[in-house]
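Here is the structure we will look at.
Since this is a predicted model, take the numbers as computed values, not measurements.
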Amino acid sequence: MTTETVSTDVRDYLAAVMRELADLPPAERDDLLDDLDDHLHEVLAEGEGSLEQRLGPPAMYAAELRTSAGLASSTTGGKSTAGLLHRAIDAMSSSTIWRRTAEHPSTRATLDFLPQLRPAWWILRAWLAVEFIAAVQHPRYNYGFRDELGLIPRVAGVRYLAVLLLVIAVPISIAIGRRSHHGGARLLVLAGNVLAVAMIVPAVIALRSTTYVESQVAPQDGLFFNGHPITNIYPYDANGHPLDHVRLFDSDGQPLTPLPNMTVLDGASQGGVAFAPSAAAVTAFPDEQRNDFPKPNVVTVYSDNGAPTTAVLPRPSFTVAPLPSASASPTPTPSASPSSTP
Amino acid sequence: MDTTQLLKGVLDLAVLAVLDERDGYGYDVVRRLREAGLDDVGDASVYGTLRRLFQAGTLTSYVVPSEEGPHRKYYGLNAHGRDVMALSTKTWRGFADTMDQLITKGATA
């Protein structure tokens with residue numbers, strides 16, 4: 001056994017014991033560990049096995065030291081979760097595979113780089129904390145994550161409150177991150193971090209929720225513009241003159257057809273009289289002219305006895321300014337005709 | 001019978017007895033306890049006990065430069081330590097006698 005491996009073993013064991021006693025006041029801990037370095041060297045020098053074989057796991061050594069020295073068992077040692085966690089980490093870090101992986105250059109490089117990401121995590125967890133507050137706030141607003149979360153979440157239904165909370169939470173998170181913690185405070189920070197990580201999933205879902213909502217809209221028949229149904233189209237030429245009998249096709253040669261434009265001026269339905277679209281309204285849209293714009297504005301008026309009367313309303317009166325470049329050519333010819341006619 | 005459980009109650013006296021014989025440093029005390037027959041004594045227990053006895057004012061401590069290695073912290077009994085040792089010995093003798101009689105009666109009955 002070389003001197004180097006001896007000192008590595010001693011250093012590892014010493015560090016593990018020290019970690020177990022992290023809750024003690026530094027002076028007390030140093031006093032307790034004063035002789036340990038010599039002790040470990042001496043045990044190894046006897047050449048009767050590794051430190052673990054001779055003295056047991058570091059956690060056990062620390063617990064024994066603590067009890068026999070008459071010190072209260074710690075929150076990090078004994079049966080607590082953190083103690084178990086430490087023991088599990090100790091067991092894991094002593095296995096060969098783990099050690100080889102940990103000592104591989106690429107692992108080293110990655111691990112060396114991770115600390116540089118800590119400030120980013122501090123800011124991220126501050127944001128997650130605000131998302132968490134937004135998620136568990138007043139039940140009146142707590143319909144679900146989707147309504148309240150988002151890049152800037154809503155707190156008590158108000159977004160600027162979240163901005164205010166972020167302004168407070170970010171410096172706090174950074175201050176917590178820059179300081180080292182012991183004992184209970186360390187557990188508290190650990191619990192907070194776990195909570196923040198758990199918050200990532202609902203927060204990310206909330207960020208994507210707009211997309212989900214849009215994709216859930218069922219396709220509808222007819223023509224739509226920005227979600228509103230189009231019942232008629234009024235074409236104008238470049239000079240601002242209204243055009244009649246303009247036929248519209250899509251890129252596949254399919255005629256563009258709105259839903260039948262039937263305004264029903266209902267004088268009788270309040271009396272419970274059933275009505276049907278009049279024949280005139282239907283015949284106003286023969287199949288071959290379905291994409292002929294503008295459509296006639298057919299209005300069916302029901303009299304009190306239920307008899308329908310059909311009328312065609314005049315074209316809505318609005319003026320369209322001519323295009324600035326089109327004043328020279330009053331009748332622009334279409335550059336392309338539809339490739340197929342129905 | 002698990003001797004580690006028994007040791008817990010008498011380790012103070014055992015350490016005091018070893019140091020009463022002659023001063024020693026931590027691992028030296030461990031070795032001498034084992035040589036005396038207390039095989040199950042734990043290293044950490046001895047170190048912890050030494051520290052507690054020192055804190056209680058029964059031990060003196062001094063550092064001795066060592067030729068082959070690091071400086072060693074030696075412990076020895078002070079006056080108070082000798083008093084405690086005497087008292088503990090008396091307690092132990094009485095306890096051991098009681099246990100002895102109990103066991104002997106049980107065996108002959």
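Each of A:Asp31, A:Asp34, A:Asp35 was checked for a side chain to side chain donor-acceptor pair (under 3.5 Å) with B:Arg51, and the lone residue meeting it is A:Asp31.
Between the CG atom of B:Asp43 and the CG atom of A:Leu65 there is a distance of 10.5 Å, given to the nearest 0.5 Å. The CG atom of A:Leu32 sits 11.5 Å away from the OH atom of B:Tyr47 when rounded to the nearest 0.5 Å.
A 4.5 Å side-chain heavy-atom check between A:His39 and B:Tyr25 finds every atom pair outside the cut-off. Looking only at side-chain heavy atoms (C-beta outward), A:Asp38 and B:Tyr27 stay at 4.5 Å or farther from each other.
Of all residues in residues 73-92 of chain B, those placing a non-hydrogen atom less than 4.5 angstrom from a non-hydrogen atom of chain A are B:Lys73, B:Tyr75.
Between B:Arg31 and A:Glu46 there is a salt bridge, since a side-chain N of the basic residue sits under 4.0 Å from a carboxylate O of the acidic one.
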Practice prompt. Report the C-alpha distance between B:Arg72 and A:Glu42 in whole Å, list the side-chain angles of each, state the deciding distance to 0.1 Å, and finish with yes or no for side-chain contact (heavy atoms from CB on, under 4.5 Å).
Written response: CA-CA 11 Å; B:Arg72 279 174 176 148; A:Glu42 206 154 357; 3.3 Å; yes
Worksheet item: Are A:Glu64 and B:Lys8 close enough, and set up right, to give a salt bridge (Lys or Arg N to Asp or Glu O under 4.0 Å), and what steps lead you there?
Response: CA-CA 11 Å; A:Glu64 203 179 312; B:Lys8 273 183 190 163; over 6 Å; no
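No part of A:Val17 comes within reach of chain B, as not one of its non-hydrogen atoms sits under 4.5 angstrom from that chain. Residue contact with chain A, scored on non-hydrogen atoms closer than 4.5 Å, is absent for B:Phe54.
At least one donor-acceptor pair under 3.5 Å links the side chain of B:Arg52 to the backbone N or O of A:Ser68.
Other residues, nucleotides and ligands place no more than 12 heavy atoms under 6.0 Å from the CZ atom of A:Arg118.
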